[in-house]
Amino acid sequence: MSNISILLRTVHENVHVFNMKSNFSEPKIYTGGTDPMRWSSLTKTQQKEALLKDWYVYYSFRDPVSGHLKRQPNIKAGANKFKNKRDRYNFLKTLQRNLLILLEAGFDPHKDNSGLEKEFFGTATDPHDTSVNGKVGTTGTKENAAFPMTTVRDAFELGLATKQQVLNGNSYPKFKSHINRFLIWLEKGSMAQKPIGSITKKTVVLYLNSVLQRSS
């Protein structure tokens, strides 16, 4: 076989590999029907109207029955509490990135993702895992640098939304309950509206001590 024939055969085989169907579409961000890259060119009225709409991350996943990509529920994660374009968009960009990481790692909304959950988060139902995110990063210290003005409440909501993508139906409600109790404790101490970076190991220790005192 000539060199050109070998080359053409190799290309043909590789094309078949590259054309393999993906099980999901790349997550995208809906920004109220506007282009966030041209935000400054909008009038104040147009900006206000866009911010009055719900912004969210959306994606499709291949349906196991029909074999077609099917739109999944929109993911908002509290993003619309942000009242300006910059914070809202940055918040959703983090969620978009985290979701893509999960999808590329094998997340399947139609299956049990407990194995993936352990890979990313370690112990699935650890009540003291206040980072919420493990390797992905939403409310942990690595992400604090990217979102210094994100409040504790908003960061927790983003973390819960991300974690919900990998926890099974039984584990997520328990995990959410633990996190919400921590959030209630933070609210009583007037910390829920502070920047997420204000949460330190000392804060967590104080909370755990209060839990032990209540249970003793």
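Note that the coordinates shown come from a computational prediction; the quantities given were computed from them, not determined experimentally.
When the options Lys81, Lys176, Lys163 are evaluated for a salt bridge (charged side-chain N to carboxylate O under 4.0 Å, His left out) with Glu157, the one that passes is Lys81.
Asn84 and Asp87 share a donor-acceptor pair across their side chains, judged by distance under 3.5 Å alone. A donor-acceptor contact closer than 3.5 angstrom is absent between the side chains of Arg38 and Thr34.
Classified by interplanar angle (parallel below 30°, tilted 30° to 60°, perpendicular above 60°), the ring pair Phe182/Tyr207 is tilted.
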Exercise for the section: Give the C-alpha distance, both sets of side-chain angles, the deciding distance and a yes or no for side-chain contact (heavy atoms from CB on, under 4.5 Å) between Lys85 and Trp55. Expected result: CA-CA 10 Å; Lys85 172 260 180 182; Trp55 293 22; 3.9 Å; yes

Handout entry: side-chain hydrogen bond (donor to acceptor under 3.5 Å, both in side chains) evaluation trace for Ser177 with Asn180
Key = CA-CA 5 Å; Ser177 177; Asn180 282 339; over 6 Å; no

Practice task
Show the numbers, then the answer: is there a side-chain contact (heavy atoms from CB on, under 4.5 Å) between Lys201 and Val204?
Solution key: CA-CA 5 Å; Lys201 289 183 179 180; Val204 177; 5.6 Å; no

Practice task
Please lay out, stage by stage, how Thr203 and Met191 fare under the test side-chain contact (heavy atoms from CB on, under 4.5 Å).
Solution key: CA-CA 10 Å; Thr203 308; Met191 295 189 65; 4.1 Å; yes

Problem - Residues Asn74, Val57; criterion side-chain contact (heavy atoms from CB on, under 4.5 Å); working and verdict - result: CA-CA 6 Å; Asn74 299 331; Val57 171; over 6 Å; no

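Although no hydrogens or angles enter the test, the distance criterion places a donor-acceptor pair under 3.5 Å between the side chain of Gln46 and the main chain of Thr43. In this structure, Gln47 contributes its side chain and Trp39 its backbone to a donor-acceptor pair below 3.5 Å. Arg62 places a side-chain N or O within 3.5 Å of a backbone atom of Gly67 that can act as its donor or acceptor partner. The backbone N or O of Tyr59 lies less than 3.5 Å from no partner atom in the side chain of Gln72, so there is not a single donor-acceptor pair.
Between the CZ atom in Arg88 and the CD1 atom in Ile29 there is a gap of 12.0 Å [rounded to 0.5 Å]. Once rounded to the nearest 0.5 Å, the distance linking CG of Leu95 with CG of Asn90 reads 12.5 Å.
Applying the 4.5 Å side-chain rule to ILVMFWY residues, one finds Tyr30, Tyr58 in the same cluster as Tyr56.
For Tyr89 and Phe82, the distance between ring centers is not under 6.0 angstrom.
Residues satisfying the salt bridge (Lys or Arg N to Asp or Glu O under 4.0 Å) criterion with Lys76, sequence neighbours excluded, are Asp54.
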